[in-house]
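Take a look at the structure set out below.
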Amino acid sequence: MAELSFGEKLLIARKQLDLFQYEMAERLGVHANSLTKYEKGEGKPHAAVVRIFEMLCEKEGIRFDEYEAGQKDKGERMKIVLAEKVSPATLAVFAAEPGWEVLTHDQLPEGLPAALADADALVVRSAVQADDALMAFAPKLRVIGRAGVGVDNIDAAAATRRGIVVMNTPGANAVAVAELTIALMLALARKLPMANATMHAGKWEKKSLQGMELRGKTLGILGLGRIGLEVARRAKGFGLEIIGSDPFVTAAVARENGIRLVTLDELLAGSDYLTLHVGLTPQTTGVINAKTLATMKKGVRIINCARGELIDDAALVEALKSGQVAGAALDVFAVEPPKESPYAALDNVILTPHIAGSTGEAQEAVGIQIARQVRDYLKLGVVQNAVNLPSLSHEEYVVLAPYIDLAGRLGSFLAQAGKHGIEAIDLVYGGTLAEAKIDLVRNAAIEGLLAGSENVNRINAASVAGERGIRIHEVKEESHRGGATTVLTIKLHTAKGENSATGTVIRGEQPRLLEFDGIDIETPLEGNLLVCRNLDVPGVIGKIGTILGEHGVNIANFALGRERTGAKPVMALALVQVDAPVSDKVLAALGTIEALIEAKPVMLPEAGV
């Protein structure tokens, strides 16, 4: 077997040392993006980097002999089934492995189920339904690779039960999407669709087609994941001022990419061009609506290559007709293909049929990436971009499941009630958690914190945090908190200060908050919560209750706590559990309470969901 590449050795070393990409990058003195390229086999590392890596491996006792000789010594053979058409470059990744049998979609004379009888890996795109029935034909299957982002055609839960890892390829089409975004901006600025249409109609209408330059305008990017950052890198060349909003990206990452980090309100109010690159969550659904459109500059132009559900169509149509929005370019729609689209009759809207990721290069990149991920898993045991749960014994999962749920709720609570702009996360495990396999607990907490970020799940959460420049620190403690034998504490370090929350599980299934920002307070971590901070003076609690009652909001639970500086209380905290979400009108009314510093709504799933 050929000697391992530098990228393969990096993957093995990171696995053995249990390091995130940014941590290994720091040890080697390189940027995390460079490490990502090395692991993908892209780019050649400097000799000094290779030497530092060799010294690290020598110090930590990491050897690669068993990996380089293991396949040959054990006589292991792998069978890969490519159920759908792939590029020659994708096929070449597998074909380069000695002893590996590779079957393509046109080499399955007895059908896919028969081919899977002794297969180790299955690679699909979007057409093949990899459901539980299909997996039943594949007793040896170890991994399913999806060449793309969505995994709707794969039963991930069934794969988990069968011990099969499911991987996808987020970010492989980021450049393609970013380039279409820039193209649509230019098309809006220079009225290219109208210019093309009039020329095809035999007209010469220069006067009505006067456009504008991008130079000197402000581009607002909502969502600074892989695609958002690629857009920023390309936009700089046009002389645009770039602002961005993403509560899950550090100021350092934004600065490195020439982006001024701002709040969502500042982004909406300050953009001449606004492009959307966020995932679909309860918080982002309908983020472009009548209210937010009214806060934007008159004549703003909006581009959406993310998700159609981010936009309230009726509100945008009205804004386009009134001139509040000068133009829009839409590649995605709430229902695809759209039927009787309200945009079809508008001349100031460019419509494309969800083609942002549809380039030959992007499709090839997706195929190569999934091939490398599957290969690395089969050869090295390294899991990348998995979307289902890692293997735990049934007994281990039964013990950990309530705390995995707690971690997700605690993270989501802090994401909604705390400060934005996370720079670092501290996780403190107390009691029995200190002795457990806490990977899923950690990732569930990070997933809750980053729930508004693109393509984050309980497998890739820590990796996504590392890409965003967020540092993670974990501590295990034996000490208990009061009567709780097992507790989890999450502490956030943000550009605007710190937030922390501690929780536990009572009666084996009920998630409970025990502390928030140093104030002891106990309340269920479920349903609709109202987090109120106020000066510890008489009358505030009564006023909160009165206003909620006047607006027909029923209180299910009212928990109180207060902070002390010396002997005198100075700050109080109220967590009000209510039967329905708190409206903006109610929040505005609460804002009239003089001693109330802030009131934030938090939405969590009901316990057991």
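Numbers here are sequence positions counted from 1.
- Judged by distance alone, the side chains of His277 and Thr275 do bring a donor and an acceptor atom under 3.5 Å apart.
- Applying the side chain to side chain donor-acceptor pair (under 3.5 Å) test to Ser271 and every residue at least two apart in sequence or in another chain returns nothing.
- Between Gln369 and Pro170, the shortest heavy-atom contact is NE2-O, 3.8 Å.
- When the options Val582, Leu529, Asn528 are evaluated for a side-chain contact (heavy atoms from CB on, under 4.5 Å) with Met603, the one that passes is Asn528.
- For residues 341-369, no pair satisfies salt bridge (Lys or Arg N to Asp or Glu O under 4.0 Å), with sequence neighbours left out.
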CA sep, side-chain torsions, deciding dist, call: Leu188, Ile350, side chain to side chain contact (heavy atoms under 4.5 Å, CB included): CA-CA 8 Å; Leu188 286 172; Ile350 299 172; 3.9 Å; yes
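- For Phe333, there are no ring-ring contact (aromatic ring centres under 6.0 Å, His included) partners, not counting sequence neighbours.
- A side chain to side chain donor-acceptor pair (under 3.5 Å) check over residues 285-295, counting only residues at least two apart or in different chains, returns the pairs Asn289-Thr292, Lys291-Asp584.
- Between Leu214 and Leu240, the shortest heavy-atom distance links the atoms O-CD2, 3.2 Å.
- Checked against salt bridge (charged side-chain N to carboxylate O under 4.0 Å, His left out), Arg533 has the following partners two or more places apart in sequence or in another chain: Asp517, Glu598.
- No donor-acceptor pair under 3.5 Å is formed between the side chain of Asp439 and the backbone N or O of Arg442.
- Within the structure, every pair that satisfies the salt bridge (Lys or Arg N to Asp or Glu O under 4.0 Å) test and touches residues 269-283, not counting sequence neighbours, is listed here: Asp272-Lys297.
- Comment: Arg234 engages Glu230 in a salt bridge, judged by a side-chain N to carboxylate O separation of less than 4.0 angstrom.
- A donor-acceptor pair under 3.5 Å is formed between the side chain of Asp246 and the backbone N or O of Leu224.
- Taking OH of Tyr273 as the reference point, atom NZ of Lys217 lies at 6.5 Å (rounded to 0.5 Å).
- Checking Leu525, Leu604, Leu410 one by one against Pro511, the side-chain contact (heavy atoms from CB on, under 4.5 Å) holds for a single residue, Leu525.
- Residues in residues 310-321 take part in these side chain to side chain donor-acceptor pair (under 3.5 Å) pairs, two or more places apart or across chains: Asp313-Tyr343.
- Screening residues 248-265 for side chain to side chain donor-acceptor pair (under 3.5 Å) gives His31-Glu256, Arg233-Asn257, Glu241-Arg260, Thr263-Glu266 as the qualifying pairs, with residues at least two apart or on separate chains.
- Of the inter-residue distances, the one linking Asn196 atom CG with Leu192 atom CG reads 8.5 Å to the nearest 0.5 angstrom.
- Residues Gly279 and Leu310 share a closest heavy-atom pair of O-CD2, 4.0 Å.
- In this structure, Ile302 and Leu293 have side chains that are in contact, with non-hydrogen atoms separated by less than 4.5 Å.
- Checking side-chain atoms of Ser341 against main-chain N and O of Pro338 turns up no donor-acceptor pair under 3.5 Å.
- Residues Leu530 and Leu587 come closest through the heavy atom pair CD1-CD2, 3.8 Å.
- Within a 6.0 Å radius of CD in Glu498, other residues, nucleotides and ligands contribute more than 12 heavy atoms.
- Here the shortest heavy-atom pairing between Cys305 and Leu180 reads SG-CD2, 4.2 Å.
- Annotation for Gln210: atom CD does not count as buried by contact number, only 12 or fewer foreign heavy atoms lying within 6.0 Å.
- With salt bridges taken as basic N to acidic carboxylate O contacts below 4.0 Å, none links Glu526 and Arg409.
- With rounding to the nearest 0.5 angstrom, the CD1 atom of Ile521 is 13.0 Å from the OG1 atom of Thr502.
- Checked by atom type and distance alone, the side chain of Asp331 pairs as donor or acceptor with a backbone atom of Ile355 at under 3.5 Å.
- Taking 4.5 Å as the limit, every side-chain heavy atom of Met571 sits out of range of all side-chain heavy atoms of Arg562.
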Checklist line | Check against side chain to side chain contact (heavy atoms under 4.5 Å, CB included), Ile547 and Ile593 | finding: CA-CA 10 Å; Ile547 290 174; Ile593 301 175; 3.8 Å; yes
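- Here Leu488 contributes atom CG and Leu427 contributes atom CG; the two are 6.5 Å apart, rounded to the nearest 0.5 Å.
- Distance check, rounded to the nearest 0.5 Å: CG of Asn385 to CZ of Arg146 gives 13.0 Å.
- With a 6.0 Å radius and a threshold of 12 heavy atoms from other residues, nucleotides or ligands, His46 has its NE2 atom at or below the threshold.
- Between Ile221 and Ile243 there is no side-chain heavy-atom pair separated by less than 4.5 Å.
- Residue pairs that meet the side chain to side chain donor-acceptor pair (under 3.5 Å) test with at least one member in residues 411-424, sequence neighbours left out, are Ser412-Gln416.
- The main-chain N or O of Ala462 is never found under 3.5 Å from a side-chain atom of Glu447 such that the two would form a donor-acceptor pair.
- Rounded to the nearest 0.5 Å, atoms SG (Cys532) and CG (Leu575) are 8.0 Å apart.
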- Task: Walk me through it: do Glu515 and Ser500 pass the test side-chain hydrogen bond (donor to acceptor under 3.5 Å, both in side chains)?
- Result: CA-CA 8 Å; Glu515 173 269 334; Ser500 66; 3.2 Å; yes
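- Met212 is listed as a side-chain neighbour of Arg301, based on a closest heavy-atom distance under 4.5 Å.
- Remark: Phe413 engages Phe516 in a ring-ring contact (aromatic ring centres under 6.0 Å, His included) (not counting sequence neighbours).
- For Asp376, the side chain to side chain contact (heavy atoms under 4.5 Å, CB included) test picks out Glu8, Leu11, Leu380, Gln384, with sequence neighbours left out.
- Panel note: side chain Thr352, backbone His354; no donor-acceptor pair is recorded below 3.5 Å.
- Counting heavy atoms of neighbouring residues, nucleotides and ligands inside a 6.0 Å radius, atom NZ of Lys206 does not exceed 12 of them.
- What you find for Ala187 and Pro193 is that their closest heavy atoms are O-CD, 3.8 Å.
- Evaluation of the salt bridge (Lys or Arg N to Asp or Glu O under 4.0 Å) test over residues 174-191, restricted to residues two or more places apart or in two chains, returns none.
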Query - side chain to side chain contact (heavy atoms under 4.5 Å, CB included) between Val287 and Leu222, intermediate numbers included - result: CA-CA 10 Å; Val287 67; Leu222 179 57; 4.1 Å; yes
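- Here the side chain of Lys491 pairs no donor or acceptor atom with the backbone of Ala501 at under 3.5 angstrom.
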Open item on the list: Quick one, Leu316 with Val325, criterion side chain to side chain contact (heavy atoms under 4.5 Å, CB included). Give me CA distance, side-chain angles, the key distance, then yes/no.
Closed with: CA-CA 8 Å; Leu316 179 56; Val325 176; 4.2 Å; yes
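- Here the side chain of Ser583 pairs a donor or acceptor atom with the backbone of Val586 at under 3.5 angstrom.
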